[in-house]
Amino acid sequence: MRLHLKDESETQNLGEKLAAIARPGDVLLLEGPLGAGKSSLARAFIRAMMGDARLAVPSPTFTLVQSYETPGGAEIFHYDLWRLDGPAALEELGWDEALSGIVLVEWPERLAGFTPAHGWRLRFTLAGSGRDVEIEGDLRGFDAS
């Protein structure tokens with residue numbers, strides 16, 4: 001599936017729609033260059049899952065991972081692997097345990113052999129004043145409209 005997102009609000013809307021169908025065991029692999037919308041989508045997704053549109057969602061750029069427990073009890077793990085020293089460091093970041101929750105990964109190419117085959121792959125590209133996103137994976141009948 002390929003979508004054109006005209007602006008930030010459409011990126012946030014996509015994050016909210018994905019949150020509505022996500023459940024523990026799902027992994028969102030967010031690919032794309034700096035400024036393409038990965039963090040915006042992740043923040044909207046997390047806010048929707050937490051039921052709090054004003055929730056402060058810091059970037060895990062320096063901590064590498066932030067975790068959240070949703071009101072329904074599911075855990076969300078937001079990874080930003082830009083600064084990851086190598087895939088071996090994932091063990092220290094609780095990667096194996098995180099996979100039982102809902103996982104969002106920015107810069108998933110740094111996962112190397114740890115990339116889950118069942119992940120939802122979202123490839124962001126800049127497109128004029130907006131962005132395009134190509135989505136692959138089993139999204140349980142996801143409807144982008």
Side-chain angles (χ1 to χ4, degrees), residues 1-125 131-145:
M1 170 185 320
R2 187 174 196 88
L3 305 172
H4 177 71
L5 307 173
K6 294 183 291 194
D7 56 27
E8 189 75 13
S9 67
E10 288 192 359
T11 303
Q12 293 168 353
N13 188 287
L14 176 60
E16 293 165 1
K17 287 180 178 182
L18 291 170
I21 64 167
R23 58 182 177 225
D26 289 336
V27 178
L28 285 75
L29 305 167
L30 309 176
E31 301 176 358
L34 287 170
K38 300 180 301 293
S39 294
S40 294
L41 182 127
R43 283 187 182 100
F45 180 99
I46 292 166
R47 288 177 178 138
M49 291 292 299
M50 297 297 291
D52 185 350
R54 298 183 186 271
L55 179 70
V57 180
S59 173
T61 300
F62 294 102
T63 59
L64 302 181
V65 64
Q66 294 281 350
S67 62
Y68 306 84
E69 186 166 338
T70 69
E75 283 191 275
I76 304 169
F77 297 87
H78 180 197
Y79 286 85
D80 182 330
L81 302 182
W82 177 252
R83 299 181 29 196
L84 187 70
D85 289 335
L90 287 169
E91 185 176 335
E92 291 177 31
L93 297 173
W95 178 252
D96 290 335
E97 295 82 16
L99 292 174
S100 64
I102 299 168
V103 181
L104 295 99
V105 183
E106 296 184 50
W107 307 104
E109 58 274 12
R110 297 184 183 266
L111 288 170
F114 291 93
T115 304
H118 68 279
W120 302 349
R121 190 171 301 274
L122 287 81
R123 291 186 185 95
F124 290 84
T125 54
R131 54 190 57 119
D132 289 335
V133 61
E134 183 179 338
I135 306 173
E136 295 176 5
D138 180 11
L139 286 109
R140 293 183 277 286
F142 173 72
D143 181 9
S145 57

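Note that these values count all heavy atoms, side chains included, but never hydrogens, waters or copies made by symmetry.
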Within 6.0 angstrom of Asp7 CG, more than 12 heavy atoms from elsewhere: yes
Ser67 and Glu75: CA distance, side-chain angles, deciding distance, side-chain hydrogen bond (donor to acceptor under 3.5 Å, both in side chains) verdict: CA-CA 7 Å; Ser67 62; Glu75 283 191 275; 5.0 Å; no
Reported CG-to-CG distance for the pair Leu104 and Asp26, which is rounded to 0.5 angstrom: 10.0 Å
Minimum-distance pair of heavy atoms, taken over all atoms of Ala42 and Leu30: CB-CD1, 4.1 Å
Crowding at CD, Glu136 (>12 non-hydrogen neighbours, <6.0 Å): yes
Side-chain touch Glu106/Trp82, heavy atoms, less than 4.5 angstrom: no
Minimum heavy-atom distance between Pro60 and Gln66, given as atom pair plus value: CB-CG, 3.8 Å
Side-chain donor-acceptor contact under 3.5 Å, His4 with Glu10: no
Considering all heavy atoms, the nearest Met49-Ile102 contact: CE-CD1, 3.4 Å
Arg123 (side chain) donor-acceptor with Glu31 (main chain) under 3.5 angstrom: no
Residue pair Ile21 / Lys17, side-chain heavy-atom distance below 4.5 Å: no
Validation row: Leu90, Leu81 side chains within 4.5 angstrom (heavy atoms): yes
Heavy-atom pair of closest approach, residues Thr125 and Arg2: OG1-NH2, 4.2 Å
Spacing of CG belonging to Leu64 relative to CZ belonging to Arg83, to within rounding of 0.5 Å: 6.0 Å
side-chain contact (heavy atoms from CB on, under 4.5 Å) evaluation trace for Leu122 with Leu18: CA-CA 11 Å; Leu122 287 81; Leu18 291 170; 3.7 Å; yes
CA sep, side-chain torsions, deciding dist, call: Leu111, Leu29, side-chain contact (heavy atoms from CB on, under 4.5 Å): CA-CA 10 Å; Leu111 288 170; Leu29 305 167; 4.0 Å; yes
Lys38 side chain to Gly32 backbone, donor-acceptor under 3.5 Å: yes
CG-OG distance between Leu14 and Ser9, expressed to the nearest 0.5 angstrom: 11.5 Å
Interatomic distance, Thr63 atom OG1 to Leu93 atom CG [nearest 0.5 angstrom]: 9.0 Å
Test item: Ser59 and Asp80 side chains (from C-beta on) under 4.5 Å apart, heavy atoms: yes
For Trp95, the option from Phe77, Tyr79, Phe114 that meets ring pair (Phe, Tyr, Trp, His ring centres under 6.0 Å): Tyr79
Tyr68 and Met50, any side-chain heavy atoms less than 4.5 Å apart: yes
Minimum heavy-atom distance between Val57 and Arg43, given as atom pair plus value: O-NE, 2.9 Å
Rounded distance [0.5 Å steps], CD1 in Ile76 versus CD1 in Ile46: 6.0 Å
CD/Glu92: more than 12 non-hydrogen atoms of other groups inside 6.0 Å: no
Expected output: side-chain His118 to main-chain Gly25 donor-acceptor under 3.5 Å: yes
Distance-minimising heavy-atom pair for Arg110 and Leu84: O-CD2, 3.8 Å
Glu16 side, atom CD; Thr11 side, atom OG1 - distance, nearest 0.5 Å: 11.0 Å
Any side-chain heavy-atom pair of Leu41 and Phe124 under 4.5 Å: yes
